[in-house]
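Every chain is numbered from 1 and lettered A, B, ... according to where its sequence line falls, protein lines coming before strand lines. No hydrogens, no waters, no symmetry mates; every other heavy atom, side chains included, goes into these values.
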Amino acid sequence: MSTTKGSQVHAHKADIFCKDETKVDWHSKALWFVREKRDRAAGSIPEWEEIRELGSQVKTHALSHLGHYLEEFEKNCLANGIQVHWARDGEEHNQIAHSILAKHKVKKLVKSKSMLTEECHMNPYLEKRGIEVIDTDLGERIIQLAEQPPSHIVLPAIHMKKEEVGELFAEKIGSEKGASDPTYLTRAARAHLREHFLTADAAMTGVNMAVASTGSIVVCTNEGNADMGVNLPKLQLHSMGIDKIVPNMDGASVLLRMLARNATGQPITTYSSFYRGPQHDGEMHVIIVDRGRTDMLKDKIIGESLKCIRCGGCLNTCPVYRRSGGHSYNYTIPGPIGIAVGAQDDDTNSIPWACTLCGSCTSVCPTKVPLDQIIFRHRRLKAESGQLPYGKSSYMPLVGKFMASETMLNCSMGVARTALRILPGSLMKPFSGAWGKYRELPAGASSSFEAWYKKNRSN
Amino acid sequence: MSSKQHILNSLKKVAVEPVPMPEINIVPRTEDLVGQFETNLKACAGILRREGGLEALQSFVDDLMKEGKQIISFIDGIESNREIPATPHELRDIDFAIIPGDWGVAENGAIWVCCDKLGHRITPFICENLILTIEESKIVPNMHEVSDKVSLESGNLGVYIAGPSKTADIEQALVVGAHGACSLNVYLL
Ligand code: SF4
C-alpha cells in the first residue's frame, strides 16, 4: 500500500529485503553475533543489573527535571565559552546550523555520526546552500556515497556486503577494482577522509551526553572521526536532542559503562571525549533541539523512550528487525526504538505492527526503556484515532467475536484439524495467508487440547 | 516567544514519573588492578608495557628515531625529534606521539588524557601511533571511582582513550586503525 509520502507498509518493504535469502540470513546472523558479544560483555560485570537500574533512574530523573537541567547546562556552557542555541524543530535546527556556517564562510563541513541531523535532513539542506557535507564515520561515508539512508543506528551500512562496498569505493574514491578486503577498504577510506579532515572549514558532531553540572558534551566514537574532525578547524558545532542531558559526571559514568558493552560488546568505546569549551582561538556551538520530544514526554509511557542512549542493542536482538532490515521502517531510526520514537509520524500506520511483542528488546535495554509497552501503546493510539492499517480494522473485530464464542471456535478448530490431516498441503496453504509464505503448515493433531486434557489430567 | 522559552514551557507538562537522582554505591573490584587493566586494554587492542618504565620507552624511541620516524613527546625526560608546530595541521606526519595519561580504569582499559596541555588538541588523534604512560598508583577499579577524580577545567577537552582507533563497519570485520592512531602502547610507571 503506497501513500502520499511514497512510504510503504512495513511488510511490503520487508518483502523487498527478503528477496535475497542468503543476504537476509547473513544479516540476521551478523546481528545475532553482536547480541552474543553484548551478552558476554554484560555478563562480565557482576553488577550489570544494578547499573541498568541506576541508568534507568539517572535518565528518568533527568527527564522529569529536564527544564531545570537544560537551564543549568546552558548556564555552565556559557561560563565555559560555549554558545548555546535552541531549536523547536528540524527546520529551525538547520537554519541555525546554516547561519553559523555561513557567517564563517564554511565551504566544507566534516560531520561525525548524528542521528539527530539525519532526522532533521540537514545534509541536503546545507548542500542546497552550497556547503559540502562529508560524513566521516566509515559506515556513514559508505551510505553517503551510495546515496542511501542508514539501516542501523550504530552499524549504518550493515545491509551492505563487502563486495558492494568494494565496487562503490572503486567508483567513488578510486580504490582498486574488484577489491573487497575490509582492511584494504578501510585503509582506502582512511586516506580519502584524512584529506577531507585536513581541508575542512568546520566540524559537526552529535552528542552522546550533555553534562549539566559541568556544561560539557560527551562524544563517543571508535574510529576517532569526531575528534579528528573537531580539532583541526577552528569552528565546531554539536547537535543534541533535549533528552541527552545527564545531571553530572557520576550519571555520565553509569551510562558510559553500559553504552559500548550493550552496543558491540566492547568494554568502552575507543574515544569518549568530554568537550568543556572550544579550542584556543576557536568557536564552539551547541544546538539543543526539541523536534517532537516535549510532546512525547506528555505521554507517561511513550515519554520513557527518551531514556534511550542509542546503543542499538534492541535492534540487534529484534527478530523482526534482523529479518526485515533497517530500510523497512519508514524512519531514520529503525527497529524497536525506531517504532517507539517514530510511530507517530508513520503515515502507513503499519510500523507498530512490525513487532511480535516478544519483549527481547526491553530485557536487553541498558536504561530499561519499556519498548514492548511503548509499541503496544502506539497500536492502541492508532486504533483509538481510527488509523488501524486496512486489514486489521476490517477483520480484527470479527476475529474478536469469533474467538469469544466457544461453540464457534471449537467447531471450526475441529474442521481445521481434520482438514490439515486429510487434505494435501497445497490445497490448505492459501488459507494461511502471509503467515504460510515462508512456513510449512503444522500436522493436524488428532484431538483438541481440551479433549486431551479432560482425558489425561482432569482428575 | 523564543524557542528556548517555548521548550521550557512545554517541559512543565512532563508526564514521566519523577524519581530522585540515585546514590551510586557500586562495590569496586580492587584485586589485581594492573592485571584487570591489562586484560581489558588487550580487549581494546592496546598493549601494556609493564617492564622497564621510562628507560625502556626512551630506548624504544631512540630506535624509532634511527629509523627516521617523526616523534613528539610530552613527557619530561623523553627525548624526541619534533616540537609543537604553529598549526595543528602540521602534525599530519607525526609517526608517534608520547603523552602522559592521568588516570587508568581497570574495568575497561581506558586512560584519561587532558588534551589542552598538548599545544594542539588533535595530537593524540592525528598521530599514526600513540604511546601513553600511566602510573601504577593511578589505576582505579571502575568508572564510578574515576568520575570525581578526572580534572576537566573550564574550557578544556578531556578524553578517555581505550586502545587504537578501530571500526567494524564493513561486514562486521574488525579493522584496527580507522581515523585515529593505528596502535596504542601504554607504559606502566
Ligand atoms: S532503546 Fe535501549 S536498547 Fe534500544 S537503542 Fe535505546 S538504549 Fe539501546
Legend entry - Pairing of A:R276 and B:E153 as salt bridge, 4.0 angstrom limit: no
Legend entry - Part of A:R88 lying under 4.5 Å from any heavy atom of chain B: both
Inset, instruction - Please look at A:V165 and chain B and tell me whether the side chain, the backbone, both or neither of the residue comes under 4.5 angstrom of a heavy atom of that chain. - result: side chain
Legend entry - Option that, when pairs with chain A are counted at under 4.5 Å, heavy atom only, ranks first among B:E107, B:K12, B:K13: B:E107
Inset, instruction - Using non-hydrogen atoms and a 4.5 Å limit, figure out which bit of A:L256 sits close to chain B: side chain, backbone, both or neither. - result: side chain
Legend entry - Heavy atoms from other residues, nucleotides or ligands near CG of B:D148 exceed 12 (cutoff 6.0 Å): yes
Inset, instruction - Side-chain contact test, heavy atoms from C-beta onward, threshold under 4.5 Å: evaluate it for B:P124 versus A:Y271 and give yes or no. - result: no
Inset, instruction - Heavy atoms only: give me the nearest B:D169-A:G139 pair and the separation to one decimal. - result: OD2-N, 2.7 Å
Legend entry - Enclosure of B:E23 CD (heavy-atom neighbours >12, cutoff 6.0 Å): no
Legend entry - 4.5 Å side-chain heavy-atom contact, A:L54 and B:I26: yes
Inset, instruction - Heavy-atom distances under 4.5 Å only: say whether A:S180 touches chain B with side chain, backbone, both or neither. - result: neither
Legend entry - Which of B:N40, B:I126, B:V16 touches chain A most, by non-hydrogen pairs under 4.5 Å: B:I126
Legend entry - Portion of A:I242 that has a non-hydrogen atom of chain B nearer than 4.5 angstrom: side chain
Legend entry - B:E67 CD: over 12 foreign heavy atoms closer than 6.0 Å: yes
Legend entry - Polar side-chain atom of A:N231 near backbone of B:I122 as donor-acceptor pair, under 3.5 Å: no
Legend entry - A:F274 and B:W112, any side-chain heavy atoms less than 4.5 Å apart: yes
Legend entry - More than 12 heavy atoms from other groups under 6.0 Å of NZ on B:K149: yes
Inset, instruction - Tell me, with the steps shown, if B:Q172 and A:L31 meet side-chain contact (heavy atoms from CB on, under 4.5 Å). - result: CA-CA 9 Å; B:Q172 279 300 290; A:L31 289 162; over 6 Å; no
Inset, instruction - Before giving the answer on side-chain contact (heavy atoms from CB on, under 4.5 Å), spell out for B:H144 and A:I51 the whole-Å C-alpha distance, their side-chain angles and the decisive distance to 0.1 Å. - result: CA-CA 11 Å; B:H144 313 295; A:I51 48 176; 4.0 Å; yes
Legend entry - Salt-bridge present (A:K23, B:E171; N to O < 4.0 Å): no
Inset, instruction - Say whether, by atom type as modelled, one donor and one acceptor occur between the side chain of A:R190 and the main chain of B:G180 under 3.5 angstrom. - result: yes
Inset, instruction - Measure distances from A:I142 to the heavy atoms of chain B and classify the residue's part below 4.5 Å as side chain, backbone, both or neither. - result: side chain
Legend entry - Interface moiety of A:E53 toward chain B, non-hydrogen atoms closer than 4.5 Å: neither
Legend entry - Structural part of A:L198 lying under 4.5 Å from a heavy atom of chain B: both
Inset, instruction - Among B:G158, B:G46, B:C182, single out the residue with the greatest number of heavy-atom pairs under 4.5 Å to chain A. - result: B:G158
Legend entry - Nearest-0.5 Å distance that lies between atom CG in B:L11 and atom OG in A:S64: 11.0 Å
Inset, instruction - Name the member of B:L184, B:L8, B:L152 that forms the most heavy-atom pairs with chain A at distances under 4.5 Å. - result: B:L152
Legend entry - Largest heavy-atom contact set with chain B, pairs under 4.5 Å, which of A:E50, A:Q57, A:E164: A:Q57
Legend entry - Under 4.5 Å from any heavy atom of chain B - which part of A:A79: backbone
Inset, instruction - Measure across B:S154 and A:N80 and return the closest heavy-atom pair with its distance rounded to 0.1 Å. - result: OG-OD1, 2.7 Å
Legend entry - Best-contacting candidate, A:M296, A:H27, A:R293, A:M249, against chain B by heavy atom pairs under 4.5 angstrom: A:M249
Inset, instruction - Look up atom CG in B:N25 and atom CD in A:E47, then write down how far apart they are to the nearest 0.5 Å. - result: 12.5 Å
Legend entry - B:R29 vs A:P46 side-chain heavy atoms within contact, under 4.5 Å: yes
Inset, instruction - Report the residue from B:I170, B:V175, B:L174 that forms a side-chain contact (heavy atoms from CB on, under 4.5 Å) with A:T183. - result: B:V175
Legend entry - pair A:H85-B:K4: side-chain heavy atoms closer than 4.5 Å: no
Inset, instruction - Identify which of B:T123, B:D116, B:V14 forms the greatest number of heavy-atom pairs closer than 4.5 Å to chain A. - result: B:V14
Legend entry - Exceeds 12 heavy-atom contacts within 6.0 angstrom, atom CD of A:E163: yes
Legend entry - Contact origin within A:V154 toward chain B - heavy atom pairs under 4.5 Å: backbone
Inset, instruction - Answer with yes or no whether the side chains of A:H280 and B:R121 bring together a donor and an acceptor at under 3.5 Å. - result: no
Legend entry - Straight-line distance of B:S165 OG to A:D227 CG, nearest 0.5 Å: 10.5 Å
Inset, instruction - Report the C-alpha distance between B:M21 and A:N248 in whole Å, list the side-chain angles of each, state the deciding distance to 0.1 Å, and finish with yes or no for side-chain contact (heavy atoms from CB on, under 4.5 Å). - result: CA-CA 10 Å; B:M21 179 70 181; A:N248 53 30; 3.6 Å; yes
Legend entry - Which portion of A:I158 sits near chain B, non-hydrogen atoms under 4.5 angstrom: side chain
Legend entry - Residue A:D250 versus chain B: region with a heavy atom under 4.5 Å: both
Enumerate donor-acceptor pairs with a distance under 3.5 Å from any side-chain N or O in residues 214-223 of chain A to protein atoms, sequence neighbours excluded.
from: A:T214; atom 1: OG1; to: A:S216; atom 2: OG; distance (Å): 2.6
from: A:T221; atom 1: OG1; to: A:G224; atom 2: N; distance (Å): 3.0
from: A:N222; atom 1: OD1; to: A:Q266; atom 2: NE2; distance (Å): 2.9
from: A:N222; atom 1: OD1; to: A:T270; atom 2: N; distance (Å): 3.0
from: A:N222; atom 1: OD1; to: A:T270; atom 2: OG1; distance (Å): 3.2
from: A:N222; atom 1: ND2; to: A:Q266; atom 2: OE1; distance (Å): 2.8
from: A:E223; atom 1: OE1; to: A:L138; atom 2: N; distance (Å): 2.8
from: A:E223; atom 1: OE1; to: B:H179; atom 2: NE2; distance (Å): 3.3
from: A:E223; atom 1: OE2; to: A:L138; atom 2: N; distance (Å): 3.3
from: A:E223; atom 1: OE2; to: B:T167; atom 2: OG1; distance (Å): 2.8

Inset, instruction - Apply side-chain contact (heavy atoms from CB on, under 4.5 Å) to the pair B:E17 and A:T60, showing each step before the final yes or no. - result: CA-CA 8 Å; B:E17 216 55 74; A:T60 311; 5.6 Å; no
Legend entry - Leading residue by heavy atom contact count with chain A [cutoff under 4.5 Å; candidates B:P88, B:S10, B:P22]: B:P22
Legend entry - Engaged part of B:H89 at the chain A interface, taking heavy atoms whose separation is under 4.5 Å: both
Inset, instruction - Examine whether an atom of A:R261 lies under 4.5 Å from a heavy atom of chain B, and if so say whether it belongs to the side chain, the backbone or both; otherwise answer neither. - result: side chain
Legend entry - Interface residue of largest heavy-atom contact number with chain B, from A:H65, A:M160, A:R187, A:E304, under 4.5 Å: A:R187
Inset, instruction - Heavy-atom distances under 4.5 Å only: say whether B:V150 touches chain A with side chain, backbone, both or neither. - result: side chain
Inset, instruction - Answer yes or no: does atom CZ of B:R92 have more than 12 heavy-atom neighbours from other residues, nucleotides or ligands under 6.0 Å? - result: no
Inset, instruction - For each of A:P182, A:A30, A:G67, A:G303, tally heavy-atom pairs with chain B at distances under 4.5 Å, and name the one with the top tally. - result: A:P182
Inset, instruction - For A:E92 and B:S3, test the side chains for any donor-to-acceptor distance below 3.5 angstrom and give the result as yes or no. - result: yes
